[in-house]
Amino acid sequence: KQVTNDRVGAFMPAVSEDEKRLVYIGYGSRGYDLFAMPLDPARHLAALPPPDDRPTPPPEPRPVAMTHEKYDPFPTFGPRRWLFSVAPGDYSQVAFTVSAESSDIVGHHAAPIDLRAEPDAPAPAVSIGYAYRGTRVDLGASVSRIVRPRGGYVVGGQEVLYDETDTSITSSLSYPLSRAFVTQSASLSFNASFLAADLPFPRDVSPYAAVSQLPIEGYLGTIRGSYTLSTADGSLTAPGNVSGSTLRFSALYGGEATGSDASLYGFEVDTSTYLEMPWLYHVLALRASGGIVDGSYARRGYYYVGGY
């Protein structure tokens with residue numbers, strides 16, 4: 001008997017325990033999906049006879065000699081994704097950001113590059129990274145140089161803005177564990193940041209005025225460990241995740257053991273949920289995050305909000 005009448009095909013059928021419903025995987029305009037239908041033997045159709053008008057199959061092709069070579073990623077390595085964005089910057093009303101991510105065809109090697117330029121900034125912000133995913137443990141490294149406007153420099157009772165240069169080097173290890181519909185990962189990273197300040201002296205302040213507050217400078221070394229659990233799922237018709245949730249825990253340490261000039265201890269929790277909207281190409285993303293930080297690192301605003 002013919003149970004379904006799906007022109008594209010019905011795959012992996014499963015019958016409910018009471019034998020009253022049938023669930024199978026079908027293919028529609030939005031890709032593979034789950035379908036359910038009542039299982040009523042009275043509605044089953046008689047199976048159609050096999051077709052007998054098929055053409056004669058073509059002759060078998062001649063055998064082709066197969067050779068085995070060691071995989072070379074360089075012929076297929078190149079930019080796979082480009083992103084250009086315009087948004088408010090730190091120095092100007094407009095900042096231009098160009099991002100590119102290069103990889104090979106099997107995904108063993110990846111190299112992201114980010115460049116942000118502002119008309120009034122003293123220098124562009126640059127970030128270059130590399131990741132190797134050819135083993136059970138993913139390896140990563142990155143280097144960045146960012147110039148930001150800062151406060152906290154007080155001369156003669158007057159706070160003066162200055163430019164801070166943050167040069168950072170990061171190395172990381174990540175152990176992914178994926179199965180159907182669930183992804184887990186544990187990662188450990190080390191970040192070395194070198195903070196340098198370009199301190200101007202205001203012209204309208206007496207040259208004999210005392211400097212009552214100096215900005216933060218020096219070396220900050222931190223170790224971060226994190227665990228991520230995700231059931232988020234994407235779609236070909238959406239720019240990102242369309243369903244599921246993500247939960248992340250991370251702990252941060254910086255101090256004498258990492259050679260840091262200041263101590264820093266922190267714990268963070270972050271969760272995101274994605275809800276597909278009734279209309280096509282729209283997803284509602286909800287995010288909640290929190291954290292606590294302590295130590296002799298005196299800068300405020302360690303945390304930020306935004307993103308999804």
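Computed from heavy atoms alone, side chains included, the values below leave out hydrogens, waters and symmetry copies.
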- Return each pair, listed once, that meets ring pair (Phe, Tyr, Trp, His ring centres under 6.0 Å) where at least one residue sits in residues 168-200; pairs must be two or more places apart or across chains. F194-Y219
- Message: Ignoring hydrogens, what is the shortest heavy-atom contact between V3 and M37? Give both atom names and the distance.
- Response: O-CE, 3.7 Å
- Contacts of D198 that satisfy side chain to side chain donor-acceptor pair (under 3.5 Å) - sequence neighbours left out: none
- Do D163 and R150 meet the salt-bridge criterion of a basic N to acidic O distance under 4.0 Å? no
- Message: Under the rule for side chain to side chain donor-acceptor pair (under 3.5 Å), what residues qualify as partners of S193, not counting sequence neighbours?
- Response: S168, N191
Tabulate below the donor-acceptor pairs under 3.5 Å that side-chain atoms of residues 251-260 make, not counting sequence neighbours, or state none.
unit_1, atom_1, unit_2, atom_2, d
T258, OG1, G221, O, 2.8
T258, OG1, G255, N, 3.1
T258, OG1, G255, O, 2.9
S260, OG, G221, N, 3.4
S260, OG, A262, N, 3.3
S260, OG, A262, O, 2.6

- Query: Ring centres of Y24 and F35 under 6.0 Å apart?
  - Reply: yes
- Query: At their closest point, which heavy atom of F77 faces which heavy atom of A111, and how far apart are they?
  - Reply: CZ-CB, 3.9 Å
- Item | side-chain hydrogen bond (donor to acceptor under 3.5 Å, both in side chains): pairs with one or both residues in residues 121-145, sequence neighbours excluded | H109-Y130
- Query: Where the side chain of N241 meets the backbone of S243, is there a donor-acceptor pair that is under 3.5 Å apart?
  - Reply: no
- Query: Which atoms form the tightest heavy-atom contact between Q2 and A46, and what is the distance?
  - Reply: OE1-O, 4.1 Å
- CD1 of I223 to CG of L264, rounded to nearest 0.5 Å, is 12.0 Å
- Message: By the side-chain hydrogen bond (donor to acceptor under 3.5 Å, both in side chains) test, which pairs, at least two apart or in different chains, include something from residues 35-57?
- Response: none
- Message: One pair to check against salt bridge (Lys or Arg N to Asp or Glu O under 4.0 Å): E101 and R80. What are the steps and the verdict?
- Response: CA-CA 6 Å; E101 183 173 348; R80 305 287 177 179; over 6 Å; no
